[in-house]
Amino acid sequence: MTNTEDEEKELEEVCQREESLREKLGVSQGMIDNVRSLLTDSENEMADDDMVTRYLNAVNRKDERKAAKRLKATLEWWRKENPAAMVCSACSGDCAEHYMHCVCYDIHGRPTIYSCLELAINKDIEDNRIHMVSTFETAVSLMDASKGIISWNWVLDMHGFGIVDCDPRLAKIFLQIAADHYPERLADFFIVDAPRLFSSLWSAISRFVDPKTKKKIQFLKTKDTEKLRASFGNHFDDDTVEWLVNEIQENRIKKKGEKSYNYKELANAVTNPDNVDWDGHYHLCSPNFLDDVRNLPNGIPERLYKFHSQ
């Protein structure tokens with residue numbers, strides 16, 4: 001088979017996948033075309049059909065003009081911020097500044113983010129915004145498009161939540177960025193050990209949370225280990241469940257500055273898995289994550305070893 005035939009076959013497979021995904025989500029090609037008719041030529045070049053589909057679903061496929069308006073706003077944000085190249089400069093200087101990163105895949109092949117408030121040193125609003133967007137972009141780069149993967153999970157470990165974390169600005173920034181620029185990206189949101197103090201913040205921000213997003217949230221407690229494992233077991237394989245539980249338990253012992261997430265070390269582990277010492281708890285990722293990343297159809301995401309390895 002010639003290169004041209006290979007390329008044509010690959011294009012055909014991509015088109016079939018996109019058509020299957022759109023049918024699954026209830027979006028017709030006509031709806032996509034209607035949204036595209038409201039975009040400029042340059043905007044149409046930037047947005048693929050999967051992206052248009054997500055924005056149509058964000059408005060429940062009822063308002064094509066609204067979908068186009070929201071899509072235009074994101075494309076303008078892309079031009080100004082260039083999120084695909086965004087790197088957390090705080091973590092480039094000190095890996096312990098934040099503790100929010102991609103650690104595993106679920107049973108459906110969706111990348112999963114884990115974060116722990118206790119281990120995050122940096123509480124600056126702008127630094128946290130940049131780190132959050134950078135992590136979202138890393139999650140997107142880890143998606144296997146050939147399987148129709150378009151979303152991620154997030155395990156938010158609230159151990160260490162304190163008064164300084166009650167600032168509603170960061171929560172509102174997350175809600176705005178997620179809703180405006182990453183619609184339909186969140187699959188499941190696990191909130192672990194939310195303290196009573198969090199209830200006041202939740203009361204302030206919950207009215208801004210989309211009803212669809214609220215349905216994706218699960219509040220879990222580490223004291224109920226059986227329920228914790230069962231909830232994770234509905235979404236992850238046994239090895240990953242064990243890794244998540246161990247990671248959460250270890251972070252009840254570690255203090256700020258004692259543990260950090262080094263993307264350069266992770267990138268080296270992906271390319272040189274034999275150098276990884278799996279004795280004990282390997283906190284950078286679950287056991288299967290390295291193989292899953294190496295086996296992505298388009299290879300190891302450039303973002304993983306380029307943008308985070310400086």
For K221, is the NZ atom crowded, meaning more than 12 foreign heavy atoms sit under 6.0 Å from it? yes

Tell me the closest heavy-atom pair linking I150 and R185, and the distance in Å. O-NH1, 2.7 Å

Please determine whether the number of non-hydrogen atoms from other residues, nucleotides or ligands lying under 6.0 Å from atom NZ of K212 exceeds 12. yes

Heavy-atom count around K72 NZ within 6.0 Å, excluding the residue itself: above 12? yes

For R61 and S28, which I'm curious about, is there any donor-acceptor pair between the side chains at under 3.5 Å? no

Could you give the side-chain donor-acceptor pairs of residues 200-207 under 3.5 Å, partners two or more places apart or in another chain?
unit_1 : atom_1 : unit_2 : atom_2 : d
S200   : OG     : L197   : O      : 3.0
S203   : OG     : S199   : O      : 2.9
S206   : OG     : W202   : O      : 3.0
R207   : NH1    : A204   : O      : 3.0

Do NZ/NE/NH1/NH2 and the carboxylate oxygens of K123 and D167 come within less than 4.0 Å? no

With a 6.0 Å cut-off (strictly less than), is the heavy-atom count around NZ of K214, excluding the residue itself, greater than 12? yes

Does any pair with a residue in residues 32-55 pass ring-ring contact (aromatic ring centres under 6.0 Å, His included), and if so which ones, sequence neighbours excluded? none

Relative to each other, are the rings of F189 and W154 parallel, tilted or perpendicular (30° and 60° limits)? parallel

How many angstroms lie between atom CD1 of I217 and atom CD1 of I191, to the nearest 0.5 angstrom? 5.0 Å

Is the closest basic N to carboxylate O distance between D48 and R54 below 4.0 Å? no

Any salt bridge between R36 and E43, counting N to O under 4.0 Å? no

Taking the ring centre of each residue, are H101 and Y99 less than 6.0 Å apart? yes

Less than 4.0 angstrom from a charged side-chain N to a carboxylate O is my criterion; do E118 and K259 meet it? no

Aromatic contact between H235 and F190, with the criterion being ring centroids under 6.0 Å apart: yes or no? yes

